[in-house]
*Asks:* 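What follows is a structure written as structure tokens; I'll ask about it next.
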Amino acid sequence: MIELAWLIPVFPVIGVLINGFFGKNVGEKAGPIASVMAGLSFLVVLGIAVEMIFGAGGSHTVPLWTWVEAGSLSVSMSFLIDPLSTIMLLVVSGVGFLVHVYAVGYMHGDPGYPRFFTWLNLFMLSMFLLVLGDNYLVMFVGWEGVGLCSYLLIGFWYEKQSASDAGKKAFIVNRIGDAGFLLGMFLIWTLTGSLTYTEVFKAAPEMSAAAASAVGLLLFVGAIGKSAQIPLYVWLPDAMEGPTPVSALIHAATMVTAGVYMVARTSPIYVMGPDAMSVIAIVGALTGLFAASIGLVQNDIKRVLAYSTVSQLGFMFMALGVGAFAAGIFHLMTHAFFKGLLFLGSGSVIHALHHAPEEQQQDMRYMGGLKDKMPITYWTFLIGAIAIAGVPPLAGFWSKDEILANAFFTGHYTVWIMGTVAAFMTAFYMFRLIFMTFHGEMRVDHHAREHIHESPATMTVPLVILAVLSVIGGVIPGFPPEAGWIHRFLAPSLAKMPAGGHATEQGVHLMNAAAGGGHSGPAVVFLIILAIAVAVGGIALAWYMYVKDTEAPRRLYRSMPGIYYLLLGKYYIDEIYQTCIVEPTYKLMRGLWTFDAKVVDGAVNGSSLITVVSSRFSGIFDLRTVDGAVNGTASFIRFFSQVFKYLQSGMVQNYLFVMLLGIFVMLSAYLFR
Amino acid sequence: MSNMPLLTLITFLPAVGAVIIMLFMKKEQTKAIKGFATAVVVLDFLISLPLWFRFDQSEAGFQFVEKVSWIPTIGVSYFVGIDGISVLLVLLTTLTMIIGVVCSFTAIEEREKEYYVCLLLLATGMLGTFIALDIFLFYVFFEITLVPMYFLIGVWGGPRKLYAAIKFFLYTLFGSVLMLLGILAYYFANLKMGTGTLTFDLVELYAVGPKIPLSLQIWIFLAFFIGFAIKVPMFPFHTWLPDAHVEAPTAGSVILAGILLKMGTYGFVRFALPLLPQASQVFVPFMVLLSIIGIIYGALVAMAQTDIKKLVAYSSVSHLGFVMLGVFALNEQGVLGGQLQMINHGISTGALFLLVGVVYERRHTRLISDYGGLSKIVPVYTVLFAITMLSSIGLPGLNGFVGEFLILIGAFKKSYVYAAFAVIGIVLGAAYMLWLFQRVFFGTLDNPENEKLTDCNAREVLYLLPLVILMFWIGLYPKPFLGRMEASVKKVVKMVNVAEAPQKAALGKMTKLEK
Amino acid sequence: MEVVIPDIALSLALPEIGLAILVCAVLILDLFVSLENKSRVGVVAFVGVVILALVAFGQWGEGARTTFNGFYVVDNMSVFVKVCVLACTAISILLMLQYAKVEKINYGEFYAMLLFSVFGMLVMASGNDLLTVYLGLETMSISIYVLVAFMRHDPLSREAGLKYFLMGAFASGVLLYGMALTYGFTGTTSIRGIAEAFAGAGGGAIAQSPVMIFGLILLVAGFGFKLALAPFHMWLPDAYTGAPTPITGFMSVAVKFATVAALMRIFFVAFPAMAESWNTLLWVLTAFTMVWGNVAAIAQTSLKRMLAYSSIGHAGYVLMGVVVSMSVIDGKVTFSSIGISAVAFYLLAYLFTNLGAFGMLILVCRDGYRGDNIEDWKGIGQAHPWAGMAFVVFLLSLGGIPPTAGFVGKLYLFAAAVQNEYYWLAAIGLVMSAVSMYYYGRIIMVLYMENRGDTQEVMSLSSAPSLFFAMVVLVVGTLLLGIFPGSFLDAAKGTVAGFI
Amino acid sequence: MIPMTHFLVLGAILFLIGAMGVLMRRNAIIILLSIELMLNAVNVTFVGFSRHLADMTGQVFAIFVITVAACEAAVGLAILIALNRDRTMVNVDEVNLLKW
């Protein structure tokens with residue numbers, strides 16, 4: 001079955017071609033076609049997964065054709081199937097298929113229906129290339145491909161100026177990240193002479209710490225751009241302009257995790273560059289805390305989820321930073337399930353409120369009391385919230401707790417503290433969202449109230465499936481922590497922290513012990529209890545402020561208005577970028593353009609002094625100039641041509657005088673030489 | 001080698017066609033003229049196909065060689081041939097010619113006869129430049145192309161055509177005149193230090209390169225540099241390009257961007273690098289600095305444009321900055337990337353100009369502000385424009401990326417600082433192109449005239465399709481293209497990276513400069 | 001004392017003798033021909049000149065032979081110059097036939113005067129003695145003064161005649177004074193004699209004495225006037241504009257041929273000892289001429305006057321060939337063969353190009369209208385495609401753009417310059433040729449690109465068979481020299497043999 | 001025997017007077033006369049050198065110069081008469097139709 005791996009990207013290509021070229025006459029059937037294509041890919045992935053999990057495993061490369069050959073550089077378009085890529089394939093194709101089905105219902109009636117599904121399939125194709133590629137170049141093809149699709153899908157409703165701006169912003173910020181990624185690739189090629197994973201990782205151990213860190217940091221710049229970490233996260237909240245299935249698939253489950261996958265894939269190099277790892281850990285923790293804090297006060301339902309995604313990605317990078325690559329991927333998988341569920345849930349809420357005025361459809365202040373109107377959405381949404389908050393036995397707990405445990409045991413205490421505070425905030429804002437939308441009295445616009453109804457089956461079925469996955473998705477692969485099925489399955493394709501390294505003695509023992517046997521030691525029990533306490537505490541605080549005493553939030557915000565507006569305004573990061581990066585480039589751009597037209601062209605076109613003089617001079621003698629001097633030197637020459645012209649006075653004796661003058665000058669030149 | 005003089009046939013067929021039109025066709029028979037011109041150009045493309053199929057990829061030297069002595073007294077011979085570097089350029093020229101002719105059917109209404117005569121003569125000039133292996137012959141063709149282009153811009157151009165035409169003509173002429181000085185200096189240096197015979201034959205002169213003392217090489221390199229840099233155009237010499245592009249008719253700017261700019265870069269790779277190896281090595285930092293400025297400066301100024309054609313013109317400055325960066329990385333990946341990027345730029349910028357021409361023919365305005373929200377009413381046009389735009393900003397999977405990737409990896413190998421700055425060009429490239437795309441295609445359809453816009457008709461799609469197919473082909477499977485260029489590029493790179501030049505040979509005479 | 005009658009090989013001077021007979025025939029024929037068909041005289045003159053050209057060509061190749069006691073030499077260079085001068089005369093006569101009909105100049109004497117001036121040129125080309133050169137120069141000049149003032153009824157022609165005469169007489173005075181001083185110091189007027197005098201005992205001292213240098217300067221000034229080099233060229237624009245157009249064409253080409261031949265013979269053969277000084281002098285004059293000629297032409301609005309200035313520029317290029325062929329290799333002054341053949345070839349290319357350009361002017365003029373202002377030429381390119389194309393070929397050749405004769409001429413010239421390391425002079429020359437393309441380009445622009453106001457109708461072309469034939473010959477010549485210059489280059493190379 | 005320098009100085013002075021005459025005077029005929037004066041100055045120099053070198057060439061040259069001067073005078077006067085058609089006295093300053 002593995003040899004058929006090339007089939008996976010082929011199905012989306014067929015979908016793109018059908019919907020792309022025959023969009024008009026396919027019309028409403030475009031959705032089902034695209035979903036079938038995604039489904040077929042999912043089946044192939046399942047086949048391969050079964051063969052990998054229950055079969056021999058290991059890593060197989062499926063070569064297709066040699067792509068670029070230039071002297072010593074030779075790169076071929078071929079796929080790599082190994083545990084890491086199988087997990088990623090499962091997540092991508094699984095969640096992708098569910099989102100396709102969900103989108104059939106959600107996008108019903110939209111004029112650009114076939115166009116939407118063409119680009120959705122194109123996204124699946126790029127994501128498959130990114131995950132399947134056996135060398136960095138093919139990964140980069142997928143990398144930019146998903147960047148392009150996110151641009152297209154965010155700007156799907158292109159009449160809205162804000163949507164096309166958001167799309168453009170997303171692409172350019174990604175492009176900045178890609179620039180770093182490219183430089184990382186070049187460094188890898190110059191150091192190891194190849195871009196294929198197997199050869200690169202074979203040569204990784206000889207790399208010096210400085211070189212490995214340089215590669216790591218450069219690649220991490222790419223990851224920051226793609227997975228929306230500080231400072232390049234600004235595009236993700238604006239990306240909510242796109243339709244909700246897009247947000248669910250691209251900006252929650254798959255694309256944003258590409259950075260995490262890339263860092264995990266390059267783990268052998270990262271392992272050799274410890275300070276790159278510590279940078280990743282700190283950035284991850286910072287982003288987690290930072291984004292979670294903004295999420296506390298947001299009123300737009302999708303913005304809250306967007307900041308929650310940024311925060312959870314921070315967690316994943318925290319895991320990778322401390323060396324727990326498997327934990328990072330595990331959290332990636334569980335996050336895909338419950339964040340996908342939350343986004344789709346919010347989608348069905350927005351879908352239900354589409355009769356409300358435009359700006360109220362996503363604003364939680366105009367929701368509330370939807371619990372009994374939309375039972376399935378409510379219950380699945382609740383499961384998702386509990387999972388993300390990290391309450392056992394649901395998925396969030398196992399993956400997030402493991403990350404915090406690893407952070408703790410490997411001595412990154414500051415990172416651990418930030419993570420725990422972020423976890424508390426996560427629990428708080430998730431249940432704030434639940435209570436504001438589903439509980440309390442109905443604040444929905446009155447004439448939109450009777451239209452609220454449960455979403456159709458095509459939308460609710462994926463919600464239920466994802467809810468189930470959110471429940472079992474954590475326990476089955478993740479129990480017992482550190483030694484669950486997923487860790488053993490991923491072990492061969494992820495590098496191990498070296499024995500020395502920066503981890504404390506006790507931490508390493510535990511780590512190796514965990515990889516080997518079960519978890520032991522009183523510290524672990526303490527950690528588990530703390531995590532549960534944090535989660536439940538967050539939920540309780542949210543319950544108290546938004547159900548029991550609804551005035552509490554207003555009082556709190558009035559008591560410290562500075563902080564409230566700071567958080568509401570998203571730390572004014574966007575405004576800072578606008579003033580200190582975007583505006584100066586506009587000014588520079590305008591300046592260079594005038595510089596080009598006036599000076600460079602001017603020097604060529606006629607410096608002002610000369611033209612003024614020659615025009616006044618020629619004005620006197622009513623000269624008719626050809627329209628527009630040819631160039632600066634030209635107008636300089638034209639000035640002299642006027643001079644020469646008017647020396648011909650027509651008087652013979654003048655000519656004779658000039659002739660004699662010439663003889664005299666020649667004579668004097670010789671006599672006085 | 002085929003006994004049939006293939007290259008001469010390909011080069012002079014358009015000229016013969018032009019003469020036939022001039023002599024036997026009256027001004028009124030426009031339909032016959034157009035038909036005949038298309039037939040000539042298509043036939044030209046067909047007979048150039050054997051170059052592609054019968055090209056021996058392992059052979060680094062020149063193929064399809066024809067040599068006939070022309071002016072024996074000064075050692076000039078009609079010596080033509082192609083190798084990896086010029087085979088794709090010749091094919092690109094014949095293809096662009098078809099597109100140029102077909103796309104000007106509706107664009108040009110008055111004086112068609114002279115128009116097609118100029119177009120065909122231009123084709124001969126360009127083809128001649130790429131196949132000439134005798135420096136004199138190269139210079140003759142290099143200058144001949146100026147005259148038809150001068151007429152194309154001057155007679156059928158836009159409002160400020162006279163200014164743009166004379167500026168283009170004089171600017172390039174000034175450059176090539178100084179290049180002539182360089183050629184003559186090399187010609188006599190070869191007499192004194194090289195083979196001792198008076199000859200313009202490139203193959204013989206290739207061997208002389210390293211023997212020339214460095215100081216003379218530097219002077220000659222400066223002369224070559226000015227001649228080719230104006231043509232490329234590189235940073236300080238680029239001001240003629242926007243005027244020439246904006247004022248030229250559609251076919252004119254397609255050919256100008258697609259082929260004429262390549263003569264500059266081709267000149268560097270064919271003449272400057274192998275003939276003046278040590279000087280090229282000495283000039284690398286200077287040239288790379290100029291190219292990087294070109295990349296960033298071109299992109300930034302492009303962003304400030306309000307006229308689409310001027311924007312594309314400045315984007316050409318940026319793209320060709322990349323090509324020059326690749327060429328002066330002086331390693332295999334860099335030069336190969338530069339060569340491929342020449343072809344890619346010809347395809348993507350040519351297509352961009354065609355697309356601007358399509359809209360210009362309907363709305364007769366090139367200001368971005370006059371457009372908006374087009375994607376709703378002209379979907380096919382939008383898709384074509386999107387693909388071309390993505391190819392030009394170098395999206396992986398399309399042709400732009402392969403070229404840019406090789407250039408950057410070559411530059412990185414030379415020194416990571418070069419690549420670091422050049423990478424900024426990629427980001428800026430995405431910025432101005434997307435901003436253009438957004439202002440023209442997205443947003444609301446408020447301008448009433450835009451509603452009346454009709455989508456691309458069959459003819460327009462016909463001449464855009466081959467370019468799009470090429471974009472995907474080179475993007476996904478560049479092996480046949482890279483394979484053909486590799487052997488010759490390796491040879492050039494080996495020639496450039498030769499050891500130190502003799503410092504002190506017969507320099508006495510150099511001092512008496514002013515005499 | 002018995003009178004020694006030197007044996008004179010008259011056969012060497014065959015072309016001159018033939019020409020003298022032809023002139024007399026033309027003068028006599030003119031008496032019998034009625035006013036209307038004066039053109040028959042022209043046809044006779046044309047046929048005669050063509051025959052003479054073939055005769056002169058016969059003398060090619062046998063090496064340098066002198067006669068008339070060393071006063072008269074016939075070597076390849078002089079044969080080359082004679083053939084070219086005669087060819088140029090033939091074409092000028094063809095142009096004149098048409099021009100005379102339009103301007104109603106029906107005096108037969110025109111052709112006689114023309115042939116007299118050609119006689120002077122042939123003598124100058126073969127002059128091996130200062131006296132012969134002077135006599136040839138004066139015969140040529142005096143007959144050309146008359147030709148310039150030929151159109152008695154036109155005030156411009158009269159004024160041009162006067163100006164040219166006054167300047168000419170003054171300059172010949174200067175030249176004579178130079179010759180006198182040279183004679184004084186070297187004791188002989190024969191060119192070989194002067195060279196021996198310098199090479200002889202006190203030669204070095206003579207070369208340095210200030211009076212001798214003054215003599216040299218006067219010689220340079222005299223020839224400078226004739227070739228219209230920079231400070232001495234002020235007469236040219238007025239003389240060329242006033243004179244009848246075929247004469248202007250004839251003057252601008254033929255006079256240059258003869259004067260350059262005489263100049264090279266005198267300076268290369270007679271004054272190698274003072275080469276350093278006259279070379280620097282000529283270097284400055286050349287650069288100044290090229291700049292002045294080309295730059296002044298830009299501001300002109302009259303086409304004929306612009307072509308006059310451009311011919312000044314070209315005089316600069318020709319002289320550059322002369323300057324550049326001299327180089328000092330380890331102390332000894334040598335004259336490179338490339339330089340001299342470059343001058344010869346450039347003059348040949350210039351013949352076809354310049355006559356063609358002036359021919360175009362004649363093509364356009366009709367009774368009472370000279371088609372002089374550039375603006376009147378608007379739209380000619382579209383209305384008369386063939387004439388437009390011919391003019392473009394000539395202009396490109398004047399500007400030195402391939403595939404025309406001008407390009408090969410300029411290339412060969414700059415090759416000589418680069419070989420002897422005159423880089424700066426070559427650079428000035430190249431830049432000025434690029435600058436010249438500005439006003440040649442402007443003419444092309446007027447021809448093709450500026451569309452006429454619909455009011456003025458496009459000028460019709462008055463073409464007669466003779467003019468048509470002349471133009472075809474010139475266009476073919478320009479392109480032939482540009483594309484297949486091989487044999488002509490060999491001929492130019494051949495002129496060097498036996499010259500130095 | 002009169003030393004050579006006297007001849008030279010005389011020739012030079014005459015030459016200068018002739019040249020100044022050409023530049024200063026306005027009447028065309030006077031200018032013609034001045035040119036003749038210059039030519040005669042050259043004759044003086046020639047004859048002086050010929051006597052100094054005891055060689056015939058100088059005097060032969062002088063004779064030729066005289067004949068040529070005569071022709072020039074003839075042609076010059078002819079042109080002047082043509083110019084004189086519509087004005088009484090040919091003043092060189094008035095003759096400037098051809099300029100710029």
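Per chain, numbering begins at 1; letters A, B, ... match sequence-line order.
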*Asks:* Name the region of C/E159, side chain, backbone, both or neither, that has any atom closer than 4.5 Å to a heavy atom of chain D.
*Replies:* both
*Asks:* Using a 4.5 angstrom heavy-atom cutoff, name the option from D/V42, D/V92, D/L39 with the most pairs to chain C.
*Replies:* D/V42
*Asks:* Mind checking the CZ-CD1 spacing from C/R158 to D/I81? Nearest 0.5 Å is all I need.
*Replies:* 13.0 Å
*Asks:* Checking C/L135 against chain D: side chain, backbone, both or neither under 4.5 Å from a heavy atom?
*Replies:* side chain
*Asks:* Looking at every heavy atom in both D/T45 and C/Y177, which two are closest together, and how far apart are they?
*Replies:* OG1-CE1, 3.6 Å
*Asks:* For D/L98, is there any backbone N or O sitting under 3.5 Å from a side-chain donor or acceptor partner on C/K163?
*Replies:* yes
*Asks:* Strictly less than 4.5 Å between heavy atoms, which residues of residues 22-35 of chain D line up against chain C? Please order them by number.
*Replies:* D/V22, D/I31, D/L32, D/I35
*Asks:* Picking from C/L176, C/L166, C/V211, which has the most non-hydrogen pairs under 4.5 angstrom with chain D?
*Replies:* C/L176
*Asks:* Quick one: what part of C/Y145 sits under 4.5 Å from any heavy atom of chain D, side chain, backbone, both or neither?
*Replies:* both
*Asks:* Taking only heavy atoms into account, what residues of residues 183-190 of chain C are found under 4.5 Å from chain D?
*Replies:* C/Y183, C/G184, C/G187, C/T189
*Asks:* Under 4.5 Å, heavy atom to heavy atom: which of residues 49-56 of chain D reach chain C? Give them by number, or say none.
*Replies:* D/F49, D/S50, D/L53, D/D55
*Asks:* For chain C, which residues of residues 67-77 of chain D have at least one non-hydrogen atom nearer than 4.5 Å to it?
*Replies:* D/V68, D/C71, D/E72, D/V75, D/G76
*Asks:* Is chain C contacted by the side chain of D/A19, its backbone, both, or neither, given a heavy-atom distance below 4.5 Å?
*Replies:* both
*Asks:* With only heavy atoms counted, which part of D/F46 is less than 4.5 Å from chain C, the side chain, the backbone, both or neither?
*Replies:* both
*Asks:* Using a 6.0 Å cut-off, check whether atom CZ of C/F68 has over 12 heavy atoms from anything other than its own residue.
*Replies:* yes
*Asks:* Measuring heavy-atom distances to chain D, does C/A160 have an atom under 4.5 Å in its side chain, in its backbone, in both, or in neither?
*Replies:* both
*Asks:* Chain C: which of D/L80, D/V60, D/T57, D/N43 shares the most heavy-atom pairs with it under 4.5 Å?
*Replies:* D/T57
*Asks:* List the atom of D/F61, the atom of C/M179, and the distance in Å for their closest heavy-atom pair.
*Replies:* CZ-SD, 3.8 Å
